[in-house]
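Everything quoted here is computed from the prediction, not taken from an experiment. Here, residue 1 is the first one in the sequence, and each next residue gets the next number.
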Amino acid sequence: MDITNLLTFFSTCAAATSAYFSYKAIKASTKNIFLKDKNKLAITINDLYYAFGREFYNFKMSEYKDERRIILESKFYVSSNLYDNFLKVLNTLDDFETIEMTRERKDAEAVRLKNMIRDISCKFRLDE
């Protein structure tokens with residue numbers, strides 16, 4: 001009778017330990033489920049930042065349709081605050097392309113835009 005109780009106890013402990021580690025694995029996997037998409041988004045923002053820095057006055061957001069699509073799809077896996085910042089940057093880039101400005105105003109707007117893009121770029125490792 002004692003050996004049966006002892007084996008039952010060990011079996012229960014093993015099941016509880018297994019359930020605990022399964023739970024931890026599920027939590028870790030849900031944290032990283034959008035890691036590939038987040039990485040793609042971070043690279044896209046970084047590429048946009050450098051493209052804007054290269055082209056500056058001649059930058060046309062209409063030529064970056066894939067980048068726009070990636071940024072707009074991020075609604076589902078980034079915070080709403082960050083997504084709103086993405087939309088502000090996209091709208092400002094559209095305005096920068098379409099609205100006629102003086103050279104001085106365009107300079108100031110370009111510097112402000114470059115800072116906006118830098119502020120939304122990824123500054124830490126995504127897998128942590």
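- Counting heavy atoms from C-beta on, the side chains of Ile43 and Lys40 never come closer than 4.5 Å.
- To the nearest 0.5 Å, atoms CG (Asn85) and CD1 (Ile71) are separated by 12.0 Å.
- Looking only at distances, no side-chain donor or acceptor of Ser11 sits under 3.5 Å from a matching main-chain atom of Leu7.
- With rounding to the nearest 0.5 Å, the separation of CG in Asn46 from CG in Leu41 is 11.0 Å.
- Note: the hydrophobic cluster containing Ile117 also contains Leu72 (ILVMFWY, side chain heavy atoms under 4.5 Å, direct or indirect links).
- Atom CD1 of Ile120 sits about 7.5 Å away from atom CG of Leu90, to the nearest 0.5 Å.
- A distance of 8.0 Å separates CG of Leu87 from OG of Ser74, quoted to the nearest 0.5 Å.
- Checked against salt bridge (Lys or Arg N to Asp or Glu O under 4.0 Å), Glu109 has the following partners two or more places apart in sequence or in another chain: Arg112.
- Judged as a ring pair (Phe, Tyr, Trp, His ring centres under 6.0 Å), the pairs with a partner in residues 79-103 (not counting sequence neighbours) are, in order, Phe52-Phe96.
- The hydrophobic clustering, which links ILVMFWY residues whose side-chain heavy atoms are closer than 4.5 Å, places Tyr20 and Ile26 apart.
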Listed pairs under 3.5 Å, donor-acceptor, residues 58-69 side chains, sequence neighbours left out:
{"residue": "Ser62", "atom": "OG", "partner": "Glu97", "partner atom": "OE2", "Å": "2.7"}
{"residue": "Tyr64", "atom": "OH", "partner": "Glu55", "partner atom": "OE2", "Å": "2.7"}
{"residue": "Lys65", "atom": "NZ", "partner": "Ser62", "partner atom": "O", "Å": "3.3"}
{"residue": "Arg68", "atom": "NH1", "partner": "Asp94", "partner atom": "OD2", "Å": "3.4"}
{"residue": "Arg68", "atom": "NH2", "partner": "Asp94", "partner atom": "OD1", "Å": "2.6"}
{"residue": "Arg68", "atom": "NH2", "partner": "Asp94", "partner atom": "OD2", "Å": "3.3"}
{"residue": "Arg69", "atom": "NH1", "partner": "Glu73", "partner atom": "OE1", "Å": "3.4"}
{"residue": "Arg69", "atom": "NH1", "partner": "Glu73", "partner atom": "OE2", "Å": "3.2"}

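- In terms of modelled atom types and a separation under 3.5 Å, the side chain of Ser121 and the main chain of Arg118 share a donor-acceptor contact.
- When side chains are defined from C-beta on, Ile45 does not count as touching Val89, because their heavy atoms never get closer than 4.5 Å.
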